[in-house]
Asker: 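Could you have a look at this structure, given as structure tokens, before my questions?
Each residue takes its place number in the sequence, starting with 1.
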Amino acid sequence: MVAQHQLGKKTEEAVSKRNQGGKKKGVNWITLAVTVLVGLVLWFIPVPAGLVEFAQSAEGFEDIDGAVLAANCWHLFAIFVATIVGLILKPMPMGAVSILALTVIMLTKLLDNGSSSGYITNTLSGFHNTTIWLIVIAFFISRGFIKTGLGNRIAYLFMSKFGKKTLGLSYSLAATDLILATAMPSNTARAGGVIYPIVSSLSRVFGSNPDDGTARKLGSYLHVTAFQADMITSAMFMTAMAANPLAVSLAAELAGINIDWAGWAIAACVPGLVCLIVVPFVIFKIFPPEIKETPEASDLAHEKLKEMGPVKTSEKLMILVFLVILVLWIAGSSISLNATVTAFIGLAMLLVLGVLTWEDIKNEKAAWDTLVWFAALVMMASYLNTLGLIPWFSDIMAGAVGGMSWLVALIILGVVYFLSHYMFASATAHVSAMYSAFLAVCLAAGAPPLAAAMLLGMISNFYGCLTHYGSGPAPVYFGSGYVTQGKWWTIGLVCAVIEMIILFTVGFGWWSVIGYM
């Protein structure tokens, strides 16, 4: 059990290093130069004439000339695009790239509203965004699952009950991921820190190794299925993946579309559960394991649970806090309790009860890193909307899709948004670069706001299924060597088609029932 915990910890640390730019601690000057060049090229492109009209009505900037605001908006767009390029190329860690962007915005006073230090306040406004703090606190809460071992216990409980057949084993791992997804905002932490070590151990227990021709016995199927399930569970809760709250914030800033934790979960539960049932079964048929019966897995789970012993006090306290958080998140809108306040309540309970220490909080580097890049991106996206770029773009696209049915437009835009992820190595970068623009076009076509926001929000998780580089968990599972790149991409495309069909049928039907369409 100790060895497995250490394996999970090492895996999580390795993925964390990847997300922060890899092992190299210095600056990659070549990719940094490319990032800066992209920003400079856009900076010196003439400001679009139509942007002035929209900039003139910017709220909070009434005393600034419209032409000046339009120029500032365009230059902010140049910095925003350069930041996205930086997040993709990773010349520096994501947080460092965001700090550079914030520094340039302050030095150039692009958000100057006429007051003495308004440009500084506006530039740093993202740090008081409540959604950002929700996701940061959720990172801390997720640490409790890993530290107490509760995540592993949940996995072994499912395995002991449903792990006697390979398909049942895959569903038990998916069910574990689903439960953890309600409060763990890092799909990398869930997949790499909890599920992957178990999948790796099971594969080898059944004599399935990537280096001796036995990968297809069991390991290949379990690795690819566990990964695909993680992409689905990430879409089912607002707190299941770090970029989900970013999408929520962008939707609110762009069109006043307000989606709370319960609203996201209700909208995503039906299409998400259907995907979670269908996808492992389809993979079982098109990429079948040689071993179909796995009674040893159930026995192994019982053995591991025996080694873990009775549920520890720390686990019981973690369960208590977890249930309190879930109840308050679900009932929050009816009792006027903000989701971020609920997250703080949960964290305070974990600290007071001793489940977490302040050292645990200080050492949660992913949370603090998220705070910085999230704040920068939300701020830039917000002011691109305020200063008129998004409304200007929406107006142009409204003409382009004017003669098209909103339903047809929504489906086409959803497919394009999904498949465009082949160009991205980060869900966060993709959401930052394209979510607002695609949502604006959907709304311009007349699509129902909540349905459009949720469609793009769920796709922003599903599209990680496509490649071996498109999401944090992907390199963890692909790097194990159990699945070739060609097979990984083929299965990913099949899963993408299945998930799009389910979204456009089951999803749209369910959203009509709950009033989202």
Asker: Are Y482 and Y221 near enough that their ring centres are under 6.0 Å apart?
Answerer: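 For Y482 and Y221, the ring centres are not under 6.0 Å apart.
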
Asker: Answer yes or no: is there a side-chain heavy-atom contact under 4.5 Å between F438 and V416?
Answerer: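 F438 vs V416: side chains touch.
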
Asker: For F478 together with H223, are the ring centres under 6.0 Å from each other?
Answerer: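 No, they do not, as the ring centres are separated by 6.0 Å or more.
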
Asker: As an exercise, state the distance from CG of L320 to CD of E315, rounded to the nearest 0.5 Å.
Answerer: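 Reported value, rounded in 0.5 Å steps: 13.5 Å.
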
Asker: If you look at every heavy atom in L466 and A496, which pair is closest and at what distance?
Answerer: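 Distance-wise, the nearest heavy atoms are CD2-CB, 3.6 Å.
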
Asker: Before you tell me yes or no, could you show the steps for W489 and T467 under side-chain hydrogen bond (donor to acceptor under 3.5 Å, both in side chains), namely the whole-Å CA-CA distance, both residues' side-chain angles and the distance that decides it to 0.1 Å?
Answerer: CA-CA 5 Å; W489 280 45; T467 67; 5.3 Å; no

Asker: Please check if the side chain of T176 supplies one atom and the backbone of S172 the other of a donor-acceptor pair under 3.5 Å.
Answerer: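 Yes; judged by distance alone, with no hydrogens or angles, the pair exists.
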
Asker: Strictly distance-based, threshold 3.5 Å: is any side-chain N or O of D177 a donor or acceptor partner for the main-chain N or O of R190?
Answerer: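 No; zero donor-acceptor contacts below 3.5 Å.
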
Asker: Apply side chain to side chain contact (heavy atoms under 4.5 Å, CB included) to E364 and V136, showing your working.
Answerer: CA-CA 10 Å; E364 192 62 30; V136 170; over 6 Å; no

Asker: Taking only Lys NZ, Arg NE, NH1 and NH2, and the carboxylate oxygens of Asp or Glu, determine whether R143 and D360 approach each other closer than 4.0 Å.
Answerer: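 Salt bridge between R143 and D360, a charged N being under 4.0 Å from a carboxylate O: no.
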
Asker: Would E253 and S382 count as a side-chain hydrogen bond (donor to acceptor under 3.5 Å, both in side chains) if you check the C-alpha gap in whole Å, the side-chain angles of each, and the deciding distance to 0.1 Å?
Answerer: CA-CA 6 Å; E253 294 288 349; S382 173; 3.0 Å; yes

Asker: Roughly how far, to the nearest 0.5 Å, is CD1 of I411 from CH2 of W406?
Answerer: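 W406 atom CH2 to I411 atom CD1 measures 8.5 Å (nearest 0.5 Å).
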
Asker: Side chain to side chain contact (heavy atoms under 4.5 Å, CB included) with T166: which of F206, Y171, F284?
Answerer: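 Between T166 and the candidates, side chain to side chain contact (heavy atoms under 4.5 Å, CB included) is satisfied uniquely by F284.
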
Asker: F237 and W264: aromatic ring centres closer than 6.0 Å?
Answerer: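 Ring centroids of F237 and W264 are no less than 6.0 Å from each other.
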
Asker: Check whether any side-chain N or O of S405 sits under 3.5 Å from a backbone N or O of L407 as a donor-acceptor pair, and report yes or no.
Answerer: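 Yes, S405 side chain to L407 backbone: donor-acceptor pair under 3.5 Å.
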
Asker: Rounded to the nearest 0.5 Å, what's the gap from OG1 on T148 to NZ on K316? Could you check?
Answerer: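 So the gap between those two atoms works out to 13.0 Å.
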
Asker: Below 4.5 Å, heavy atoms only, C-beta onward: do Y435 and S460 meet side chain to side chain?
Answerer: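 SC-SC contact between Y435 and S460 confirmed.
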
Asker: Is the closest side-chain heavy-atom distance between F227 and W488 below 4.5 Å?
Answerer: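 Result yes, sub-4.5 Å side-chain heavy-atom pair found.
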
Asker: Where do Y463 and Y422 land on the ring-ring contact (aromatic ring centres under 6.0 Å, His included) test, with the steps shown first?
Answerer: CA-CA 9 Å; Y463 57 34; Y422 280 111; over 10 Å; no

Asker: Between T239 and N244, does a side chain to side chain contact (heavy atoms under 4.5 Å, CB included) hold up when you go through it step by step?
Answerer: CA-CA 7 Å; T239 46; N244 289 350; over 6 Å; no

Asker: Any idea which heavy atoms bring A409 and A445 closest together, and the distance?
Answerer: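 Scanning both residues completely, I find the closest heavy atoms to be CB-CB, 3.7 Å.
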
Asker: So W368 and F140, would you call those rings parallel, tilted or perpendicular, with 30° and 60° as cut-offs?
Answerer: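 Ring orientation, 0 to 90° scale: tilted.
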
Asker: If you draw the axis of the six-membered ring of F287, does the NZ or CZ of R216 fall within 45° of it and under 6.0 Å from the ring centre?
Answerer: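 Yes, R216 sits over the ring of F287.
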
Asker: In terms of relative ring orientation, are W133 and F344 parallel, tilted or perpendicular, with 30° and 60° separating the classes?
Answerer: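 Tilted, since the angle between the ring planes falls between 30° and 60°.
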
Asker: Nearest 0.5 angstrom please: L456 CG to N461 CG, how far?
Answerer: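 Spacing of CG (L456) from CG (N461) equals 11.5 Å.
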
Asker: Is there a side-chain contact between P93 and W373 (heavy atoms, below 4.5 Å)?
Answerer: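 No, too far: nothing below the 4.5 Å cut-off.
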
Asker: State the CE-OG1 distance between M159 and T294, to the nearest 0.5 angstrom.
Answerer: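 Here the rounded value is 8.5 Å.
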
Asker: For residues I491 and I283, determine if any side-chain heavy atom of one lies less than 4.5 Å from a side-chain heavy atom of the other.
Answerer: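 Heavy-atom side-chain distance check passes, below 4.5 Å.
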
Asker: What heavy-atom pair brings A452 and C442 nearest, and what distance separates the two atoms?
Answerer: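 Smallest heavy-atom distance, with atoms named: CB-CB, 3.9 Å.
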
Asker: Measuring only between side-chain heavy atoms, which start at C-beta, is F418 closer than 4.5 Å to C465?
Answerer: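 In short, these two side chains touch, coming nearer than 4.5 Å.
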
Asker: Just by distance, do the side chain of S200 and the backbone of Y196 share a donor-acceptor pair under 3.5 Å?
Answerer: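 Not at all, since once roles are kept as given, no pair shorter than 3.5 Å links the two residues.
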
Asker: Taking all heavy atoms of P473 and all of D230, pick out the closest pair and write down the distance.
Answerer: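 Here P473 and D230 meet closest at CG-OD2, 3.3 Å.
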
Asker: Would a distance-only check, ignoring hydrogens and angles, find a side-chain to backbone donor-acceptor pair under 3.5 Å from S208 to A215?
Answerer: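 Side chain of S208 to backbone of A215, a donor-acceptor pair under 3.5 Å: yes, one is there.
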
Asker: Please indicate whether K312 has more than 12 foreign heavy atoms, meaning atoms of other residues, nucleotides or ligands, lying under 6.0 Å from its NZ.
Answerer: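 Yes, enclosed.
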
Asker: Applying side chain to side chain contact (heavy atoms under 4.5 Å, CB included), run through L250 and L439 and close with a yes or a no.
Answerer: CA-CA 9 Å; L250 294 176; L439 180 58; over 6 Å; no

Asker: Quick check: closest heavy atoms across I84 and L377, and the distance to 0.1 Å?
Answerer: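 Looking at all heavy atoms of both residues, the closest pair is CD1-CD2, 4.0 Å.
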
Asker: Determine yes or no for a side-chain-to-main-chain donor-acceptor pair under 3.5 angstrom, with S298 supplying the side chain and S160 the backbone.
Answerer: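 Side chain of S298 to backbone of S160: a pair is present.
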
Asker: Is the closest basic N to carboxylate O distance between E293 and K164 below 4.0 Å?
Answerer: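 No, E293 and K164 are not salt-bridged.
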
Asker: Would you name the heavy atoms of I141 and L350 that are closest together and state the gap between them?
Answerer: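 Minimum heavy-atom contact is CA-CD1, 4.0 Å.
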
Asker: Going through the checks in order, is the side-chain hydrogen bond (donor to acceptor under 3.5 Å, both in side chains) test met by N187 and S234?
Answerer: CA-CA 6 Å; N187 53 9; S234 296; 3.3 Å; yes

Asker: Quick one: pull up CD1 in I137 and CG in L347 and give me the separation to the nearest 0.5 Å.
Answerer: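 It comes to 5.0 Å.
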
Asker: May I ask you to test the I459-M500 pair for a side-chain heavy-atom distance under 4.5 Å?
Answerer: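 Sidechains of M500 and I459: no contact.
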
Asker: Does any part of the side chain of L173, heavy atoms only, come nearer than 4.5 Å to the side chain of I198, both counted from C-beta?
Answerer: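 Answer yes - side chains close enough.
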
Asker: Just by distance, do the side chain of S170 and the backbone of L167 share a donor-acceptor pair under 3.5 Å?
Answerer: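 Here the side-chain-to-backbone pair exists.
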
Asker: Side chain to side chain contact (heavy atoms under 4.5 Å, CB included) between F508 and L410: does it pass, once the steps are laid out?
Answerer: CA-CA 11 Å; F508 282 6; L410 191 60; 3.7 Å; yes

